[in-house]
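Notes for the one structure printed next.
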There are 2 protein chains.
Amino acid sequence: MYAIGEAARLSGVGIETIRYYEREGLIAPLPRSASGRRAFSADAVAELALIRRCRDLGFGLADIRALLGLTRGQPDCDAARSVAQRHLDRIRDQIVHLRRLEQVLTELAAGCDGQEAGCALLDALQGPAGSA
Amino acid sequence: MYAIGEAARLSGVGIETIRYYEREGLIAPLPRSASGRRAFSADAVAELALIRRCRDLGFGLADIRALLGLTRGQPDCDAARSVAQRHLDRIRDQIVHLRRLEQVLTELAAGCDGQEAGCALLDALQGPAGSA
DNA sequence: GCTTGATCCTGTAGCCGCTACAGGATGCAC
DNA sequence: GTGCATCCTGTAGCGGCTACAGGATCAAGC
């Protein structure tokens, strides 16, 4: 059994975050010592590490809740793949969106290099006179 | 002078959002009618539309605050460009990050297609045994 | 003048995923 | 027994809205 600080170090999840996950019901309520301190089994630490990996992949807590459910019963590959696929779709949408922004911003900033009258960037923001 | 609903329609900024911007000091306190209703000049509406365009470009309210300041005095092209450049850098970082996620997730999902023993996706999440 | 429905007001709480306190109780080493 | 590290609960803040509740006001029709 580990104390919360040790569990945090081992799993890579912050102490406050672990308490938050417990509050939110993402992990099961942890057993307590006589003085009320949380006690973490190796399995609990492993689950935290799993959550950590999912977070690193950008999954939201709702998705992680679903994935945790899938790891507890017998593995349902299709269900897991569909969670991952939906997440992947969202990521691709974000990439498309950000690339559009990147392009527009690059053009706006470039329009400012020649020191003509006024600031092309500020002008463009101020009114879509030329670009509708 | 326009009422808030009209200003919202004209600027593309939601009613609640306009009130929020005023509360946050992003726009100046709006003059009120005798009964306390906000009155929007054409300039106020134009400023809201400017904010809207900046939001569409992904700028945060702090950046927008700075950009609004730049549009009020005489235009400072360098300052504006540096705000935009910092924002562009952040966007590019995000794109890089998301692309990494996309690749990892794609590989994980692909590993699940052949129905071998267990679920490659769930296994990978559960422990970095093979990939360290 | 009265009713009706649209619009407006303030104030507060919720979203996500933490993070950072305050203020106090333990645990452990010396 | 004395420190210091660690732990506890509870609350508030981040960004950028959004969604209420509960009420006031306005404008149009009759």
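Computed from a prediction, not measured in an experiment: that's the story for all the values here. Lettering of chains follows the sequences in order, A, B, ..., and the numbering in each one begins at 1. Quick note: numbers below take in every heavy atom, side chains included, and nothing from hydrogens, waters or symmetry partners.
Each of His87(A), Gln85(A), Arg86(A), Arg92(A) was checked for a side chain to side chain donor-acceptor pair (under 3.5 Å) with Asp89(A), and the lone residue meeting it is Gln85(A).
Across the protein-nucleic acid pair, Phe59(A) atom CZ and dC18(C) atom P stand 14 Å apart, rounded to whole Å. Per the geometry, CZ belonging to Arg65(B) stands 11 Å off C1' belonging to dG15(D), to the nearest Å. As rounded to whole Å, 11 Å separates atom C1' of dA5(D) from atom CZ of Arg9(A). Whole-Å rounding puts the Leu61(B) CG to dC14(D) P distance at 12 Å. The CD1 atom of Ile15(B) sits 15 Å away from the P atom of dC20(D) (whole-angstrom rounding). Rounded to an integer number of Å, the gap from CZ of Arg23(A) to P of dT19(C) is 12 Å. Atom OH of Tyr2(B) and atom C1' of dC8(C) are 19 Å apart (whole Å). Counting to the nearest Å, the P atom of dG16(D) and the CD1 atom of Ile64(B) are 8 Å from each other.
In this structure a side-chain-to-backbone donor-acceptor pair under 3.5 Å is present from Arg53(A) to Gln126(B). Under a 3.5 Å cut-off, the side chain of Glu102(B) and the backbone N or O of Ile91(A) do not form any donor-acceptor pair.
An OP1 or OP2 oxygen of dT10(C) is reached within less than 4.0 angstrom by no side-chain nitrogen or oxygen of Arg19(B). Between Tyr21(B) and dC17(D), a side-chain N or O to OP1/OP2 separation shorter than 4.0 Å is present. Between Arg32(A) and dT9(D), a side-chain N or O to OP1/OP2 separation shorter than 4.0 Å is present.
Side chain Glu24(A) to base dC18(C): no donor-acceptor pair is found below 3.5 Å.
If you check dC8(D), dC26(D), dT19(C) against the side chain of Arg37(B), the one that comes closest is dC26(D). When each of dC8(D), dG16(D), dG17(C) is scored by its nearest atom to the side-chain atoms of Tyr20(A), the top-ranked nucleotide is dG17(C). Of all nucleotides listed (dT10(C), dT18(D), dT19(C)), dT10(C) comes nearest to the side chain of Arg38(B).
Checking Ala3(B) against Glu16(B), the closest nucleotide of DNA chain C that is more toward the 5' end is the one next to Ala3(B). Nearest-nucleotide positions on DNA chain D for Arg55(B) and Ser35(B) put Arg55(B) closer to the 5' end.
Under 3.5 Å, the side chains of Arg52(A) and Thr17(A) contain no donor-acceptor pair of N or O atoms.
Within 4.0 Å (heavy atoms only), Gly14(B) reaches no atom of the nucleic acid at all.
Summarising the geometry, atom CG belonging to Leu26(B) is positioned 5.5 Å from atom CG belonging to Leu68(B); distances are rounded to the nearest 0.5 Å.
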